Amino acid sequence: SPKLNQAMGIDGNTILAESLKKQGVQYVFGIVGIPVIETALAFQMAGLKYIGMRNEQAACYAAQAMGYLTGKPGVCLAVSGPGLLHCIGGMANAQVNCWPLIVIAGSCPQDHEGIGGFQEWPQVESSRLYCKYAARPPSPRLIPLHVERAVRLAASGRPGVSYLDMPGTLLLAEADEDKVPLDFYNAEPVALGHPNPVLVSQAAALLAAAQRPLVIVGKGAAHARAEDAVRKLVDTTKLPFLPTPMGKGVVADESEFCVSTARTQALLKADVILLLGARLNWMLHFGQTPRFAPDVKVIQVDISPEEFHNSIKSEIAVHSDIKPFAEALTQALAEKKFSLQPATDSWWQALQQKQKANTEFVKAQASNTTLPLNYFAVFKTVQANIPKDSIIVSEGANTMDIGRGMLMNNLPRHRLDAGTFGTMGVGPGFAVAAAMWCRDYAPEKRVICVEGDSAFGFSGMEIETMFRYKLPVIIIIVNNSGIYSGFPPDVMADLQSGGDIAQCTPPTALSGEVRYEKMMEMFGETGHLCRTVEEIETAVKKSIAVTDKPSIINILIDPSSNRKPQAFNWLTESKL
Ligand code: ADP
Ligand code: MG
């Protein structure tokens, strides 16, 4: 138990734990070792939930997903040196995604620093690039102040990462309890930023005059918890909208105003775009030609004014929280009696035509059940058999791209994927966090973790974490025996017999038809191997009935199955 020395003494571990609790932190994901074993125990004593994982990177992914799901930063706890360094990829991912995260690592005792201490490493400096705030509290008395600051910086403004460095000496150092300001002020949450009314009127006028208006809903709107306001805006104006990958579900994918199936056309032809909590980065093709009209006018709404005019100049830049802006704009457009009529409006007609053509292509692919199956047939079957309110975790190249269009999200913050940073290996960590969140906030809800076989390999050992914490994650591995695409076992054997094995094995290949479902046998359970639509149906149904442990469904598909031919290359050619 944490050291509560003598009558009045309190140690660094306990001060840290109590301070996190006071600031509203609920969840800590991590891996213990010297010097943070007592830290994790102190966290539990203070009433925080501690989830021990198998790799710090996955723990870091779990903590940031919890930050996104709850709006309060999750904490990742790691040991010194390599432990903290394994968190760096996770920190970068959170920072790039704008998700709130706090990383806390033990570090080498201060009296061993500079003389080759155990796992000694310049941890604060190493973290700096990946953080909004990185510090080592200089004394136990100042730990509460740094915790407050770490929480505030991670969660406010554009969310991101805070790092706290805790030398072994600091964790064990004692202070007089009455001199430690544990109650270091717990201020009210900062009031939402409201939009300038002049800009709201300008935005309403521009939208009302547009020929081909489009709303883009980003994951900033999901983080902002603006779903009610954005839904009302779309429903009353009947504007076509496009979600970004993790903006899916802020307004339901199944809304009649969602034009995801005509994405390319909508982006290309729109003359006015209302951009709600999304950046014009690679995911939105920089807002530039050839993917956008050269004279498109953008109304950009963001909590972070530094983001305005990035890549292209915004016509109207509104510094505001999404929710009050969407409410004010709905009001302003109602006063103008503005709403588009999909049945007669020519822009809507053009979009609907495109939607129909694209939907037909997907339908044809999905109903082709020739073996080995293609992606579309697999996702159609998965979608038809999972609960509609499931949280979908997804990663992999084709698996994530094709799954994004076919697995529906009708609720906000119900899709967690490789994100802005395109990080592979996030899936199992995200799924652990999502399943913990479900247990505490929505016990009936399920987490479906849809993984490519390559993606699963990065963090697959977190299956043990799922068993230990009895998390009923349904892991679906869409297995094409490779990265992007693979080779059937006989073709692989041929290729590898061609000479030196390291020169002859294709870099994209993984072993053919790997039996990932057998990982269940490590826990005395049986997984599901599927090749047909019927087998997938049965496996999903059986897995849904299991509520106290994870399941693995390993689906062997055609190693050469591919996505729909695209009108444009995935990344636009550089103009430099
Ligand atoms: P996506 O990947 O969905 O395109 P991005 O991560 O690129 O989304 O962009 C999200 C944007 O949302 C960021 O620029 C961020 O500053 C902004 N944002 C985050 N929270 C809020 C909020 N509460 N109100 C307004 N904007 C927000
Ligand atoms: Mg693969």
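Note that ligands are numbered from 1 as they come in the structure, with each ligand's atoms numbered from 1 the same way. Heads up: numbering here begins at 1 and tracks the sequence. On a predicted model such as this, the values are computed, not experimentally measured, just so you know.
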Testing the 3.5 Å rule here: is there a donor-acceptor pair between the side chains of Asn480 and Ser485?
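Side-chain D/A pair, Asn480 to Ser485: absent.
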| Thr420 and Asn97: side chain donor to acceptor below 3.5 Å |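 The criterion, which ignores hydrogens and geometry beyond distance, is satisfied for Asn97 and Thr420.
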Step-by-step salt bridge (Lys or Arg N to Asp or Glu O under 4.0 Å) determination, Arg515 to Glu513: CA-CA 6 Å; Arg515 302 291 300 274; Glu513 305 197 346; over 6 Å; no
Is the shortest distance from a Lys or Arg side-chain nitrogen in Asp295 or Lys297 to a carboxylate oxygen in the other one below 4.0 Å?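 Lys297 and Asp295: not salt-bridged.
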Does a salt bridge link Glu307 with Arg158, judged by any charged N lying under 4.0 Å from a carboxylate O?
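Arg158 and Glu307: salt-bridged.
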All pairs passing ring-ring contact (aromatic ring centres under 6.0 Å, His included) where residues 216-257 contributes a residue, at least two apart: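 Residue pairs with at least one partner in residues 216-257: there are none.
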Quiz prompt | Parallel, tilted or perpendicular: ring planes of Trp99 versus Tyr68, cut at 30 and 60 degrees | solution =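 Trp99 and Tyr68: parallel rings.
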Record the part of [X] in heavy-atom contact with ligand 1 below 4.0 Å; permitted values are side chain, backbone, both and neither.
X: Pro245; result: neither
X: Asp302; result: both
X: His223; result: side chain
X: Leu284; result: neither

Checklist entry - For atom 26 (N) of ligand 1, what's the nearest protein heavy atom and its distance? => result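 The closest heavy atom on the protein side is Ile303 N, 3.1 Å.
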Could you list the donor-acceptor pairs under 3.5 angstrom formed by side chains in residues 229-236, with sequence neighbours left out?
residue: Arg231; atom: NE; partner: Val250; partner atom: O; Å: 2.7
residue: Arg231; atom: NH2; partner: Gly249; partner atom: O; Å: 2.9
residue: Arg231; atom: NH2; partner: Val250; partner atom: O; Å: 3.3
residue: Arg231; atom: NH2; partner: Asn410; partner atom: O; Å: 2.8
residue: Thr236; atom: OG1; partner: Lys232; partner atom: O; Å: 2.8
residue: Thr236; atom: OG1; partner: Leu233; partner atom: O; Å: 3.4

| request: Return the set of protein N, O or S atoms whose distance to the Mg ion (ligand 2) is under 2.8 Å, each given as residue and atom. | output: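 Only Asp453 OD1, Asn480 OD1, Gly482 O fall inside 2.8 Å of the Mg ion (ligand 2).
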Notebook entry, point to check: Can you tell which of Gly71, Cys98, Gly277, Ala222 gets a heavy atom nearest to atom 11 (C) of ligand 1?
Noted result: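 Nearest heavy atom to atom 11 (C) of ligand 1 lies in Gly277.
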Kindly identify the option in Ala278, Ser156, Ser320, Gly218 whose heavy atom sits closest to atom 9 (O) of ligand 1.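 Comparing heavy atoms across Ala278, Ser156, Ser320, Gly218, the nearest one to atom 9 (O) of ligand 1 lies in Ala278.
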Problem - N or O contact, Glu307 vs ligand 1, cut-off under 3.5 Å - result: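 Among all N and O atoms of Glu307, none is under 3.5 Å from an N or O of ligand 1.
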Report all side-chain donor-acceptor pairs from residues 448-456 shorter than 3.5 Å, counting only partners two or more places apart or in another chain.
residue: Glu451; atom: OE1; partner: Phe456; partner atom: N; Å: 3.4
residue: Asp453; atom: OD2; partner: Ser481; partner atom: N; Å: 2.9
residue: Asp453; atom: OD2; partner: Gly482; partner atom: N; Å: 3.0

